[in-house]
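Working notes, beginning with the structure itself.
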Protein chains: 2
Amino acid sequence: MDKNDLRNKLVSISTRLFSERGLNGVSIREISKAAGVSISMISYHFGGKEGLYSSVLQEQFSGFEHIEEINKVDSDALSKIEAYIRWIIVRHRDNPYLLRFYTSELTNPTQFFPLIVQPAIGKVIQILVHIIEEGISTNKFRKDLNPVDTVLAMAGMVTYYFLSTLATQELINHSPERDEVLVRHYMDIFTKGILSSFPSGNAE
Amino acid sequence: MDKNDLRNKLVSISTRLFSERGLNGVSIREISKAAGVSISMISYHFGGKEGLYSSVLQEQFSGFEHIEEINKVDSDALSKIEAYIRWIIVRHRDNPYLLRFYTSELTNPTQFFPLIVQPAIGKVIQILVHIIEEGISTNKFRKDLNPVDTVLAMAGMVTYYFLSTLATQELINHSPERDEVLVRHYMDIFTKGILSSFPSGNAE
DNA sequence: GTCTATATTGCGATAGAC
DNA sequence: GTCTATCGCAATATAGAC
């Protein structure tokens, strides 16, 4: 087998296993067995279990580099927000493992958080903050918004939809066919809020 | 030492350790050493490591039973939503470990998820859905809201604020003194959205 | 580059003394 | 109810053959 074939195979297999049970929940024995190679290959190619995990993490967060795509379109702040919502949904649809590494590193960071995870998340937040600021300065968005809080509110809405899947699968359909409805719904809530457009006196 | 003293001590110490490194990241050797007792005490009192983890989980999610408090006040749907936001903030402030068990069980469920975690989360979501439905039927909220999606959007906003702490501590002040500002801000976004109240034509 | 075999350490669980 | 001592097994890592 080609050298890179084996490296890729080990990364791909351990991505699934690490995402399911965490760094400490999987042994290199199990990984090498699943890959059909000797356990010593992990030390040889990655310098050990943590080296393998670091490679997995690097691959998982490499996609965050492309967040700038949502800015490329020549559009206003609102369209960029919609582009972000679509972008994050596509990321989770394409890679069902990402969210687990994401939450695991945020709540129980490994030594690789500062070098791999923090910069990736930081870049996304930075770009989103600029979009909100742009919306405020062009009078599209309310002047009293705190940009960072607003970004977290938006990112939280979308992220939590995926995070809560296991607890809400009996309540709503989480299949991708409903994603378009979801985008519209979240855009509506985030831009207009939930209040009825009737005058807000006591209506009952 | 009294029997319950030791049980409580073991639960309290392992709550911190399990939350920091997960079920598989902590050994009962380390827990018993930190508690200053013999390793055999864990098997004796809890039937093993998993039994201890189960007790920890049970304690962590027992507080969810009191979610009904937010309904007790004789108030409209909007006030109940504000009560929920405050309630969830207080929960995380009072117990910094909760979020880790919460996300860990949602993304990497153990055998205890169905019996301990799912019912606790399910109860909260159910009550929140009723509040949204109440708001819709009294004409306070928009008629086209999907109640479950709306609940997840709201819960996500607040939860993600805590989840993202590690990645955003350089950007915003996460100290409890700012919680009141946060409640106002999230209520504003969730009810009115982010759009400026100026007519939404091209304002630049 | 990949294997087998092994060294060493740590794991969870429990038997048996007190 | 708590301890010490130990069993049996699985962990990571590596030396050395091919």
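In what follows, every chain begins at residue 1, and chains take the letters A, B, ... in the order their sequences are listed.
Taking the centre of each ring, Tyr53(A) and Phe18(A) come in below the 6.0 Å mark.
Computed from coordinates, the Leu17(B) CG to dC11(C) P distance equals 12 Å when rounded to whole Å. What separates CG of Asn24(B) from P of dG12(C) is a distance of 9 Å, to the nearest Å. For Lys49(B) and dC11(C), the NZ to P distance is 9 Å, given to the nearest whole Å. Whole-Å rounding puts the Ile39(A) CD1 to dT12(D) P distance at 6 Å. A straight line from CG of Leu52(A) to C1' of dA13(D) spans 14 Å, rounded to a whole angstrom. Rounded to whole Å, the distance from CG on Asp5(A) to C1' on dG1(C) is 13 Å. Distance Ile42(A) CD1 to dG1(C) P: 16 Å, rounded to the nearest Å. Look at NZ on Lys33(B): it is 14 Å from P on dC3(D), rounded to the nearest Å.
Distance from the side chain of Met41(B) is smallest to dC3(D) among dC3(D), dT14(D), dG1(C). For Leu6(A), taking side-chain heavy atoms from C-beta onward, the closest of the listed nucleotides dT12(D), dG12(C), dT2(C) is dT2(C). If you check dG1(D), dG12(C), dT2(C) against the side chain of Tyr44(B), the one that comes closest is dG1(D).
Looking at heavy-atom distances under 4.0 Å, Ser43(A) makes contact with a base.
Residue Ser40(A) places a side-chain atom within donor-acceptor reach of the base of dC3(C), judged by atom type and a 3.5 Å distance cut-off alone. Side-chain atoms of Arg29(B) and base atoms of dG10(C) include no donor and acceptor less than 3.5 Å apart.
His174(A) and Thr168(A) are linked by a side-chain donor-acceptor pair at a separation below 3.5 angstrom, with hydrogens and angles left out of the test. Between the side chains of Glu50(B) and Gln111(B), a donor-acceptor pair is found at a separation under 3.5 Å. In the model, Asn95(B) has a side-chain atom that pairs as donor or acceptor with a side-chain atom of Gln60(B) under 3.5 Å.
A cation-pi arrangement is present between Arg7(A) and Phe46(A) under the rule of less than 6.0 angstrom and at most 45 degrees off the ring axis.
The shortest distance between the side-chain N/O atoms of Ser38(B) and the OP1/OP2 oxygens of dT2(D) is not below 4.0 Å.
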